There are 4 protein chains.
Amino acid sequence: MSARAAGGDKQSFIEQARRAQIVASAIKVIAEAGYGGASLSLIAEHAGISKGVISYHFTSKSELMEEVVRRILKEVVEFVVDSVKDEASATAVLRGQILAVAGHMRERPAEIMALHEISSNMRAPDGSLRYGIEAAEEILRLLEGIYEMGHHTGEFREFDRRVMAVTHNAAVIDMFAYWATHPGHDLDAHAAELADIFVRATRKESPA
Amino acid sequence: MSARAAGGDKQSFIEQARRAQIVASAIKVIAEAGYGGASLSLIAEHAGISKGVISYHFTSKSELMEEVVRRILKEVVEFVVDSVKDEASATAVLRGQILAVAGHMRERPAEIMALHEISSNMRAPDGSLRYGIEAAEEILRLLEGIYEMGHHTGEFREFDRRVMAVTHNAAVIDMFAYWATHPGHDLDAHAAELADIFVRATRKESPA
Amino acid sequence: MSARAAGGDKQSFIEQARRAQIVASAIKVIAEAGYGGASLSLIAEHAGISKGVISYHFTSKSELMEEVVRRILKEVVEFVVDSVKDEASATAVLRGQILAVAGHMRERPAEIMALHEISSNMRAPDGSLRYGIEAAEEILRLLEGIYEMGHHTGEFREFDRRVMAVTHNAAVIDMFAYWATHPGHDLDAHAAELADIFVRATRKESPA
Amino acid sequence: MSARAAGGDKQSFIEQARRAQIVASAIKVIAEAGYGGASLSLIAEHAGISKGVISYHFTSKSELMEEVVRRILKEVVEFVVDSVKDEASATAVLRGQILAVAGHMRERPAEIMALHEISSNMRAPDGSLRYGIEAAEEILRLLEGIYEMGHHTGEFREFDRRVMAVTHNAAVIDMFAYWATHPGHDLDAHAAELADIFVRATRKESPA
DNA sequence: GATGAATGAGACTTCATTCAT
DNA sequence: AATGAATGAAGTCTCATTCAT
């Protein structure tokens, strides 16, 4: 086995390019064929390389999948954080986040699909879901941050932030899933409706 | 070919019992090992029978999976319909449905897990998701029925019923997923919070 | 195991009828699906009985196949013998046999097909063809009898009777095979041509 | 998927060698164990390789079988054509073809056996014989060519060329089959007798 | 760095056969 | 006499992984 496996200090340019190419192919194949259907053969074929190349650059299929998740998650989180950093009120952040994520989904459906496929299917050797908790956790914390802000500013009524975050996350992901399954569906209109739903669900009671 | 294939009205008692036993084992194995990990070997082992028995009672693995879905879906839909049929207002139906489903999930987690696994992973020979749209559609229609009622009675504000139903469904499923992943999580409290969320999201504006 | 296996003295009427029914179904299935495709399931299904019945009446699949061969061969040989017994000259017998066999083939194609399938495919446990030599041998002897008669009467020129019989048999069987594959082919015209061929191939030289 | 699938012009040397080796093993196993007995296990064992190697070089068992047929048929047809191309009269071609084919059969019995096994047993997914008509058709046309020549030159009497070709083909094949079953049989003597038979069956009537 | 080639485990399925009822 | 049920071996195929070149 060569030094690459250590993944350590310096990766050559070719090394980086190849890994990126393989990851990109993996994302597309997973998005199309599902986690279960994404064999190394298919990924290699999509990338126009031989199967052995993948094994050369990745210790195992698991490592490839983990790299895929890492890249997508990084991108998504960066995007989410970025999309709300300039909003002033918690309500605006809330609404902005939903609309922005919808925009991101429209631009990168394969990534979102692949992330979903892997995190709901990939398992550790012991049979447990590899990304059971952690994968969502990072995003849940970001969402909870929005609600904490609203609670702090007094914009939002009292509610369990974890439950709201789980619900929020589910609603956004399934908006995507529904859109992916129903090509004609209007994603932006859906997002706008969804934003309404959460604004109403979180805001303080109207004064009597 | 055995009598079952004819699909005729009467199956022997043993036939019914075996099919039920195999379906039950399949549900447990899928819930534990995931759709991809649920091999006929594992299912047979769990049922304490030989692999051939499954092939004897089911034409193919697909047929077994479809039977699993059919049984669970029937149970779930019956339950959902039953749980709300006596409520008077749409708001009560809405709240009641969420609480009742949570109760059902607490009682039958494996079924819900298996249904989710199969419907998000099983694919037709052509590569498309076997239960892509139709499976959810039935439930979405039921949920839309609740919102239609609320619109009719004037309890609910105007909103897109399909978006609300998709969101509602996602929220409930992910409540389950979160609970399944976090054993210590309080499912009933989550359900109560969720009911609040949807009641607020759907109700008419408070008068100024 | 019951007494039936011994095949001995007395078989009940039902026993006989069942065996005949199963043999008949086997013949049809083999003719349609080939020896390799003729599973006990298919045969049972065709007969409208359960698979177990076959095992009840026949010790093994081999025994069933042997019974099939026995019945068909008996019928064919009787027919062949019968069809030529009244002819006076060897030439007439030769011509008559070919025409008569063609007629028989038209009436019982499944039997001929099945006989051919079994004798060219069924193997003994040691891997050798079960009906390699004997099956054809009986027929070859009958054909040699015709040539011997012609040699005795002086109608036929000198030739190797075994080679002629093998050729004759092959020609007749392949006439059937060609007809079976080409439904529009004129079997009777073929037989007439074939008779001409063998009459010319066997007759004494025309005097100079 | 390996390069072979593309069907491209160039296969690596190893690829070609392996395919040839596997085809050769397949031929021997089929000749010995019959089409039905020729499992991939047996073929791999005979070749001294693992089962997976066959799957690596051939998409499916069908593809292997088709390659086997292609190679044998090519060889046989080339041989037949070659063996008669220098003969002057149709009668000489006829006699020469039979003797030459017998010689070829003596040299390559396994090929002939395998070709016969596959073409009479291999079936398409729909149950019809894979090589029902076309396989024989090519050879029948070649034989008809001989008769057409004899008709054209006036050497042969009038007869149905298709019937004669079918008979000729059957006679030659069964000569082989008889020899294969009866090791002591004199193949060359048989061929000589057979040539006599067809010369007599086709020649013009002796002048009165 | 990259590839083709090979492997062996494991998946699904079919099938002849056995057995209790 | 018949059946449904069960078995286990064997078959074909897929796949992640390893290795020599």
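Chain naming here is simple, since letters A, B, ... match the order of the sequence lines and numbering starts at 1 in each. The shown structure was predicted, so the numbers you read here are calculated from the model rather than taken from an experiment.
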Measure from [atom1] on [X] to [atom2] on [N] and round the result to the nearest Å.
| X | N | atom1 | atom2 | result |
| --- | --- | --- | --- | --- |
| A:Q16 | E:dG1 | CD | C1' | 15 Å |
| C:K61 | E:dT14 | NZ | P | 15 Å |
| B:I43 | E:dG10 | CD1 | C1' | 15 Å |
| A:M122 | F:dA16 | CE | P | 12 Å |
| A:L64 | F:dC15 | CG | C1' | 15 Å |
| D:E15 | F:dT21 | CD | C1' | 16 Å |
| C:I54 | E:dA16 | CD1 | C1' | 10 Å |
| C:F58 | F:dA1 | CZ | C1' | 14 Å |

Would you say a side-chain N or O of [X] is under 4.0 Å from OP1 or OP2 of [N]?
| X | N | value |
| --- | --- | --- |
| C:R18 | F:dA2 | yes |
| C:H57 | F:dA2 | yes |
| D:S41 | F:dG11 | yes |

Apply side chain to side chain donor-acceptor pair (under 3.5 Å) to [X] and list each qualifying residue two or more places apart in sequence or on a separate chain.
| X | result |
| --- | --- |
| C:S128 | C:D126 |
| B:E45 | none |
| C:R123 | none |
| A:S25 | A:H46 |

*In terms of the nearest nucleotide of DNA chain E, which residue is placed more toward the 5' end: B:G37 or A:I49?*
A:I49

*Using heavy atoms to find the nearest nucleotide of DNA chain F for A:L40 and D:L40 separately, return the residue whose nucleotide is more 5′.*
D:L40

_Reading DNA chain F from 5' onward, which residue's closest nucleotide shows up sooner: C:I14 or D:S62?_
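Closer to the 5' end of DNA chain F: C:I14.
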
*Any side-chain heavy-atom pair from D:R71 and D:R19 closer than 4.5 angstrom?*
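They are in contact (side-chain heavy atoms under 4.5 Å apart), so the answer is yes.
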
Would you give me the side-chain donor-acceptor pairs under 3.5 Å for residues 31-38 of chain C, sequence neighbours excluded?
none

*Return the set of residues passing side-chain contact (heavy atoms from CB on, under 4.5 Å) with B:I54 (not counting sequence neighbours), or none when no residue passes.*
B:I22, B:L40, B:I43, B:A44, B:I49, B:F58, B:L64

*With A:S50, which residues qualify under side-chain contact (heavy atoms from CB on, under 4.5 Å), at least two apart?*
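Here the qualifying residues are A:V53.
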
_Residues A:Q21 and A:R18: side-chain donor-acceptor under 3.5 angstrom_ = yes

*For the pair C:E117 (side chain) and C:M113 (backbone), establish whether a donor and an acceptor sit closer than 3.5 Å, ignoring hydrogens and angles.*
no

*What stem regions, each of at least 3 consecutive Watson-Crick or G-U pairs below 3.5 Å, can be found for DNA chain E?*
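Looking at DNA chain E, the stems formed by three or more consecutive pairs are E:2-21 with F:2-21.
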
*When you measure from the side chain of D:Y56, which nucleotide among E:dA6, E:dA16, E:dT13 comes out closest?*
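Per side-chain heavy atoms of D:Y56, the pick is E:dA6.
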
Restricting both atoms to N or O, compile the protein contacts to nucleotides 8-10 of chain F shorter than 3.5 Å, with distance only.
none

